Amino acid sequence: MDTFLNNEEPFQIRLKSKEFFQQPTIELAKQLLGCLLIKESLDGVASGYIVETEAYMGPEDKAAHSFQNRRTKRTEVLFGEAGIAYTYRMHTHCLVNVVSGEKEKPEAILIRAIEPFSGIPLMETRRKTTVLRNLTNGPGKLTKALGITMDDYGRSFQEPPIMIAEGVLPDEIASGKRIGIENSGEAKDYPWRFWVKGNPYVSRHQREI
DNA sequence: GACCCGATTGTCT
DNA sequence: GACAATCGGGTCG
């Protein structure tokens, strides 16, 4: 599919395949690094390279919303096909995940940070700042910058208005403990956070394990 | 219905 | 480092 990301430079995007999303969750969490996350809206298009992810492994992961297979209206989409958007509200912000795993396996990958690529003026307006580094370096910030909302809940990442496409190949991937899940017992120490080593848009700099 | 809590962020000290 | 913002989800009843 051809899409024009901005008015300056036509840019051909190659959407990621269904098979791509069907990889094991931990593997997919790493493979998503470097991919382009794109959101179209009435205001325009904005996109960025994924530079930080976290895997949430479902029934056995105390930090996951689907811990012990908890199945509610909110978590329902987690039990479906891989490659679908799982959005939810965290305090005042909307966070976005990529549903992964087989059907009936409620696993997902939180997108924690992206590196701005296109639609930067639009992101600046939405974020009310022109500090490039502060535009998308956090899970709540990137959704605001891209215009991702609860309306995107359940949408496929393989067609507009929200898409994941081929991007760049990261030089080096680092891993460590996930962030913000201190009350999740032993799960808080699982090394399921992945980021592009040295990338300035990663949400927090933290020691690798 | 009441209560508690949270995969965050921005602001103030 | 502390804390408020702000509201839906989950639990208990």
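Naming: A, B, ... by sequence-line order, numbering from 1 per chain. Just so we're clear, the structure is a prediction, and the values are computed from it rather than from any experiment.
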Pairing pattern in dot-bracket form [Watson-Crick, G-U; both distances under 3.5 Å; | = partner strand] for DNA chain B: ||||||.|||||.

Those residues that, when tested against Glu107(A), pass salt bridge (Lys or Arg N to Asp or Glu O under 4.0 Å) (two or more places apart): none

Under the salt bridge (Lys or Arg N to Asp or Glu O under 4.0 Å) test, residues paired with Glu182(A) that sit two or more places apart: none

Any Arg127(A) side-chain nitrogen or oxygen under 4.0 Å from OP1 or OP2 of dG10(B): yes

Let me know the distance between [atom1] of [X] and [atom2] of [N], rounded to the nearest Å.
X	N	atom1	atom2	result
Ile179(A)	dG6(B)	CD1	C1'	16 Å
Lys141(A)	dT8(B)	NZ	P	12 Å
Met57(A)	dA7(B)	CE	C1'	15 Å
Lys144(A)	dT9(B)	NZ	C1'	10 Å
Lys62(A)	dC5(B)	NZ	C1'	13 Å
Asp61(A)	dA7(B)	CG	C1'	10 Å
Arg178(A)	dG6(B)	CZ	P	15 Å
Glu54(A)	dT8(B)	CD	P	7 Å

Between [X] and [Y], is there a donor-acceptor pair closer than 3.5 Å when you use the side chain of the first and the backbone of the second?
X	Y	value
Thr75(A)	Ser66(A)	no
Asp61(A)	Ala63(A)	yes
Thr143(A)	Cys94(A)	yes
Thr136(A)	Ile114(A)	yes

Pairwise salt bridge (Lys or Arg N to Asp or Glu O under 4.0 Å) hits with a residue in residues 71-86 of chain A, at least two apart: Lys18(A)-Glu81(A), Arg71(A)-Glu76(A), Arg71(A)-Glu104(A)

Salt bridge (Lys or Arg N to Asp or Glu O under 4.0 Å) partners of residues 113-131 of chain A, not counting sequence neighbours, each pair once: Asp43(A)-Arg126(A)

Neighbours of DNA chain C within residues 83-106 of chain A, by heavy-atom distance under 4.0 Å: Arg89(A), His91(A), Thr92(A)

side-chain hydrogen bond (donor to acceptor under 3.5 Å, both in side chains) contacts in which one or both residues fall within residues 83-96 of chain A, not counting sequence neighbours: His65(A)-Tyr86(A)

Of all pairs that satisfy side-chain hydrogen bond (donor to acceptor under 3.5 Å, both in side chains), the ones with a partner from residues 27-36 of chain A, not counting sequence neighbours: Glu27(A)-Gln31(A)

Closest approach of Pro59(A) to Asn69(A) (non-hydrogen atoms, all atoms of both residues): CG-OD1, 3.4 Å

Selection residues 131-183 of chain A - residue pairs positive for ring pair (Phe, Tyr, Trp, His ring centres under 6.0 Å), sequence neighbours left out: none

With Asn137(A) via side chain to side chain donor-acceptor pair (under 3.5 Å) - residues at least two apart: Lys141(A)

Nucleic acid contacts of residues 65-82 of chain A, taken as heavy-atom distances under 4.0 Å to DNA chain B: His65(A)

Below 3.5 Å between N/O atoms, which protein atoms pair up with nucleotides 11-13 of chain B? Just atom names and distances, please.
none

Result of checking Val99(A), Ile84(A), Ile162(A), Leu15(A) against Ser156(A) for side-chain contact (heavy atoms from CB on, under 4.5 Å): Ile84(A)

Sugar-phosphate, base or nothing in reach of Ile181(A), heavy atoms under 4.0 Å: sugar-phosphate

